[in-house]
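The sequence lines fix the lettering, A, B, ..., with proteins before strands; numbering per chain opens at 1.
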Amino acid sequence: MRISRSFIPTLKEIPADATIPSHRLMLRAGLMRQLTGGVYAYLPMMVRALHKAERIIREEMNAIGGQEFLLPALNPESLWVQTGRRNIPNFILSVKERDLVLAPTHEEVIGWLGAMHIQSYKDLPQIWYQIQTKFRNEPRPRSGVLRGRQFTMKDSYTLDRTWEDLDTGYDLHAEAYRKIFSRCGLKFFVVGASSGAMGGTGSQEFMVESEHGEDTVAKCPACDYAANLEIATSGLSAVGRATDHGAPEKIDTPNVKTIDELAAFLNVPHERLAKSRIYLHDSKPVLILTVGNDQVNETKLGAALGGGEYRAASPEDLRATTGADAGSIGPIGFKGRIIADLRLKNANGLISGANVNDLHLRNIDLTRDVPKLEYADVRSVENGEPCPSCGQALRVTNAIELGHIFKLGTKYSEALNIRYLDESGQSQLVIMGSYGIGLERILACAIEQGHDENGIVWPAALAPFDVHVVAVNMNNSDIVLHAHQTYRQLQQAGLTVLLDDRSSVSPGFKFKDADLLGMPVQVIVGEKGLKNGQLELKVRKRGERSMVPVDGVVAGVQDLLKSL
RNA sequence: CGGGAUGUAGCUCAGCCCGGUUAGAGCGCUUGCCUUGGGCGCAAGAGGCCGGAGGUUCGAAUCCUCUCAUCCCGACCA
């Protein structure tokens, strides 16, 4: 493609609204423009990169027996009412004029097709996938293409007879995903994840470590343990039992509010302090007890509560339900459900609030003093805690979710009545899995991992073009001749080539653009080299330059591409 | 949904507190000349309902009210 005839609107200045590198560079390199919040127009460079990612995905999905579909983004609202997902908050965008919604994912449509046409065990298993635009009612789109209201997703679904077959389809997907992301040149890792209300027996996420990621994960540097913080555990020991000093007794703690203040005031270790938080679960107060400054993980809490809506209580709620303010709340005398973190299992000798301001209780024994106490893992793992499987210090970092694979089970089969007849003529529920990859996130992650102060450094597998040929001066007929000749030769060798043949653009400008656009190899056609019958090759990644004779340019470029 | 910020030329911004000629700069764009190995130079131009609506005032980009949009932090995120 010749730049002189192309639409590649590069920007010299950094767009004010973009804060993370991938977002800035996608705008600066002319990949996309924002139409409205969370919605982007993808320009030719972006589309070429997307197509390259799509091709890799199709190859790997087809390799595991996937069949490609293209399902409608417009769905009847009633289908989503059937599965109970119509009114999930911040999920579905709808159409004003008709009872239609814009699909945020496609379990429902897959289910509709499956219910209609899967009849016999002979029809199973199936792997169905598509690459298609999704819509979500994101309350706060951000970070460019990382969280948008409209985005491209490869979604696939397995339909199986048994849980064992589901495992097979799930494992095939896990392996395909590894290949896809490896081929895309991304450094990624896999974490155990929360299946949340999706139900089923398990889920994993494919993550790229990034300070700009919105997920938090715990990773073990020594073994292969890695988990989303929503389910991560650590080897941190329970606080256990201490010497018993009898019944709970009151202690005055004037103006002592935080755990740190309390530990200092009483001169006791944090492990003997049980912190209470109140949540409202379906409008009923629930008290959550954790050790010291341990943080409550709300996803874990949601699982422990067993569904329903919940939120942290407001200061007014605290006063109304306990009679005290934050800092003086405790389990003794609390009327309502109490859930203690597993680290507090059967603990005694604890200090907690007395539900009277400026008053605490000591010698609390959970086994003796708190009837009907429930235990659950509700705390967030902290950086540096021991790995649950090998004991090494865990690292807690942010990450971008590239893909997510779910064992769904029968949730949608039940809602949509997706059934087949087994060998004995019995009607059975189909067992489903669902698997997603965010296409734009692949590109954004590639840029987050591959850029420098001058611009994008595309991995060869995703680069819009293999080679960027810079004709230094279009007023020099020798340069023009060799630039076009090089362009043709590289194309004939099967490479995709971008030729900067703009006249009246200075060499410096072209070099800056070439670095910004980020193709893996640049060929510089200029007077300097041609004097000696040579062209210059530059590797974008490390900036290495070399000279090749004019007739050796194809081989030279191919060698460099192979070496990347 | 809570908190914060910003809307002035295609882009990045100044001007606004403290109201008053014809609203500015740099970049980009057009034309001409010049230059050709790291966003080149000179000159002449085009380009704005100062996000929108109401109000205060003799007079509003500037003050007030409302509204819309965008960004950031948090909440949320099947």
Side-chain angles (χ1 to χ4, degrees), chain A residues 9-20 23-24 27-28 30 33-39 80 83-92 103-108 134 136-144 146-149 153 155 193-200 203 205 212-216 228 230 298-299 302 307 309-312 314 401 404-408 411-412 415 432 434-436 438 453-455 470-476 478-480 500 502-516 522 524-531 535-536 538 543 545:
Chain A
T10 56
L11 298 174
K12 201 189 291 192
E13 304 206 53
I14 298 170
D17 284 344
T19 53
I20 70 169
H23 188 195
R24 290 177 169 186
L27 294 169
R28 284 196 59 210
R33 289 293 182 264
Q34 178 173 316
L35 177 63
T36 181
V39 178
W80 291 82
T83 57
R85 299 167 109 191
R86 174 62 188 95
N87 292 315
I88 291 171
N90 302 328
F91 190 43
I92 292 185
T105 172
H106 274 78
E107 283 81 7
E108 275 74 3
K134 299 284 189 270
R136 291 200 184 172
N137 187 16
E138 288 296 344
R140 185 157 102 72
R142 73 195 105 163
S143 304
L146 285 181
R147 177 166 293 275
R149 295 205 170 106
M153 188 183 223
D155 47 322
S194 165
S195 14
M198 282 285 268
S203 105
E205 291 166 320
H212 303 115
E214 298 184 353
D215 286 275
T216 314
N228 194 305
E230 295 171 347
E298 297 203 345
T299 304
E309 289 186 15
Y310 59 96
R311 63 174 175 86
S314 67
E401 179 189 344
H404 200 158
I405 57 180
F406 282 102
K407 296 182 183 178
L408 290 178
K411 176 179 164 123
Y412 298 93
M432 288 177 66
S434 106
Y435 317 86
E453 66 279 6
N454 296 316
V470 176
V472 171
N473 177 7
M474 292 298 286
N475 293 325
N476 178 321
D478 203 28
I479 291 177
V480 173
D500 195 343
R502 289 174 291 181
S503 43
S504 72
V505 171
S506 69
F509 204 99
K510 291 185 177 184
F511 294 136
K512 288 285 187 190
D513 261 358
D515 286 348
L516 177 59
Q522 296 171 15
I524 297 158
V525 185
E527 259 176 79
K528 273 187 185 175
L530 285 179
K531 269 192 305 199
L535 302 176
E536 182 177 343
K538 176 179 165 186
R545 296 160 189 273

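The pairing partner recorded for B:rU62 is none, the criterion being a Watson-Crick or G-U wobble arrangement whose two distances lie under 3.5 angstrom. Across all strands shown, B:rC71 forms a Watson-Crick or G-U wobble pair with B:rG4, both key distances being under 3.5 Å. Partner assigned to B:rC17 is none, using Watson-Crick or G-U wobble distances below 3.5 angstrom. Under the Watson-Crick or G-U wobble criterion, with both distances below 3.5 Å, B:rC40 has no partner in any strand shown. Pair check for B:rG28 finds none; no Watson-Crick or G-U wobble contact set falls under 3.5 Å.
For A:Arg28 and B:rG28, a side-chain-to-base donor-acceptor distance below 3.5 Å is absent, hydrogens and geometry of angles not being considered. Judged by distance alone, with hydrogens and angles left aside, A:Asp513 brings a side-chain donor or acceptor within reach of the base of B:rG39, the pair sitting under 3.5 Å. Judged by atom type and distance alone, A:Glu13 does not reach the base of B:rG28 through any side-chain donor-acceptor pair under 3.5 Å.
B:rC71 and B:rU35: their P atoms are spaced 46 Å apart (whole Å). Nucleotides B:rG47 and B:rG28 are separated by 11 Å at their C1' atoms, to the nearest Å. The gap from the P atom of B:rC72 to that of B:rC33 amounts to 46 Å, rounded to the nearest Å. When the C1' atom is compared between B:rC50 and B:rG41, the two are found 33 Å apart, to the nearest whole Å. Nucleotides B:rC27 and B:rA69 are separated by 25 Å at their C1' atoms, to the nearest Å. Going from the C1' atom of B:rU30 to that of B:rG10 covers 14 Å, rounded to whole Å. Taking the P atoms as reference points, B:rA46 lies 14 Å from B:rA23, given to the whole Å. Comparing the P positions of B:rU8 and B:rG15 gives a spacing of 14 Å, expressed to the nearest Å.
With hydrogens and angles disregarded, no donor-acceptor distance shorter than 3.5 Å links the side chain of A:Arg136 to the backbone of A:Asn90.
Residue A:Phe511 contributes atom CZ, which lies 4 Å from atom C1' of B:rG37 at whole-angstrom precision. The interatomic distance linking A:Ile14 (CD1) with B:rG39 (P) rounds to 17 Å, in whole Å. What separates CZ of A:Phe91 from P of B:rC1 is a distance of 20 Å, to the nearest Å. As rounded to whole Å, 12 Å separates atom C1' of B:rG37 from atom CG of A:Leu530. Distance A:Arg545 CZ to B:rG37 C1': 9 Å, rounded to the nearest Å. One interatomic measurement links the two molecules: OH of A:Tyr435 to P of B:rA78, which rounds to 18 Å at whole-angstrom precision. The nearest whole Å value for the distance from the CZ atom in A:Arg149 to the P atom in B:rC76 is 18 Å. Atom CG of A:Asp215 is separated from atom P of B:rC77 by 12 Å (rounded to the nearest Å).
At a threshold of 4.0 angstrom between heavy atoms, the contacts of A:Ile524 include nucleobase atoms, whether or not backbone atoms are also involved. Using a 4.0 Å heavy-atom criterion, one finds that A:Arg33 contacts no nucleic acid atom at all. Within 4.0 Å of A:Gly526, counting heavy atoms only, lies at least one base atom of the nucleic acid. Contacts of A:Ser503 with the nucleic acid, taken as non-hydrogen atoms under 4.0 Å apart, are absent. A:Gly529 comes within contact range of at least one nucleobase, with a heavy-atom separation under 4.0 Å. Among the atoms of the strands shown, none is found under 4.0 Å from any heavy atom of A:Pro89. Residue A:Arg136 is classed as a sugar-phosphate contact, given heavy-atom separations below 4.0 Å to backbone atoms only.
Nearest-nucleotide positions on RNA chain B place A:Ala18 closer to the 5' end than the other of A:Ala18 and A:Glu298. Residue whose closest nucleotide on RNA chain B sits further toward the 5' end, between A:Ser143 and A:Val472: A:Val472.
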message: Applying side-chain hydrogen bond (donor to acceptor under 3.5 Å, both in side chains) to A:Asp17 and A:Gln34, what does each step give before you reach the verdict?
response: CA-CA 10 Å; A:Asp17 284 344; A:Gln34 178 173 316; 5.9 Å; no

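In summary, the side chains of A:Asn228 and A:Glu205 do present a donor paired with an acceptor at a separation below 3.5 Å, with no hydrogens or angles considered. Using modelled atom types, one finds a donor on one side chain and an acceptor on the other under 3.5 Å when comparing A:Thr105 with A:Glu107. Between A:His212 and A:Ser143, the side chains place no donor N or O within less than 3.5 Å of an acceptor N or O (distance only, hydrogens not considered).
The shortest side-chain heavy-atom distance between A:Ile92 and A:Trp80 falls under the 4.5 Å cut-off. Under the 4.5 Å side-chain criterion, counting only non-hydrogen atoms from C-beta, A:Val470 is not in contact with A:Val525.
Dashed line: the shortest gap from a side-chain N or O of A:Lys12 to OP1 or OP2 of B:rC11 is not under 4.0 Å. A sub-4.0 Å separation between OP1 or OP2 of B:rC1 and a side-chain N or O of A:Arg140 is absent. The side chain of A:Thr36 contributes an N or O atom lying less than 4.0 Å from OP1 or OP2 of B:rU70.
Side-chain atoms of A:Asp17 lie closest to B:rU70 of the nucleotides B:rU70, B:rC76, B:rA78. In this structure, the nucleotide among B:rA75, B:rC40, B:rA78 sitting nearest to the side chain of A:Ser506 is B:rC40. Candidate nucleotides B:rC71, B:rC77, B:rC76 were compared by shortest atom distance to the side chain of A:Gln34, and B:rC71 ranks first.
Shortest non-hydrogen contact noted between A:Arg502 and A:Lys510 is O-NZ, 2.6 Å.
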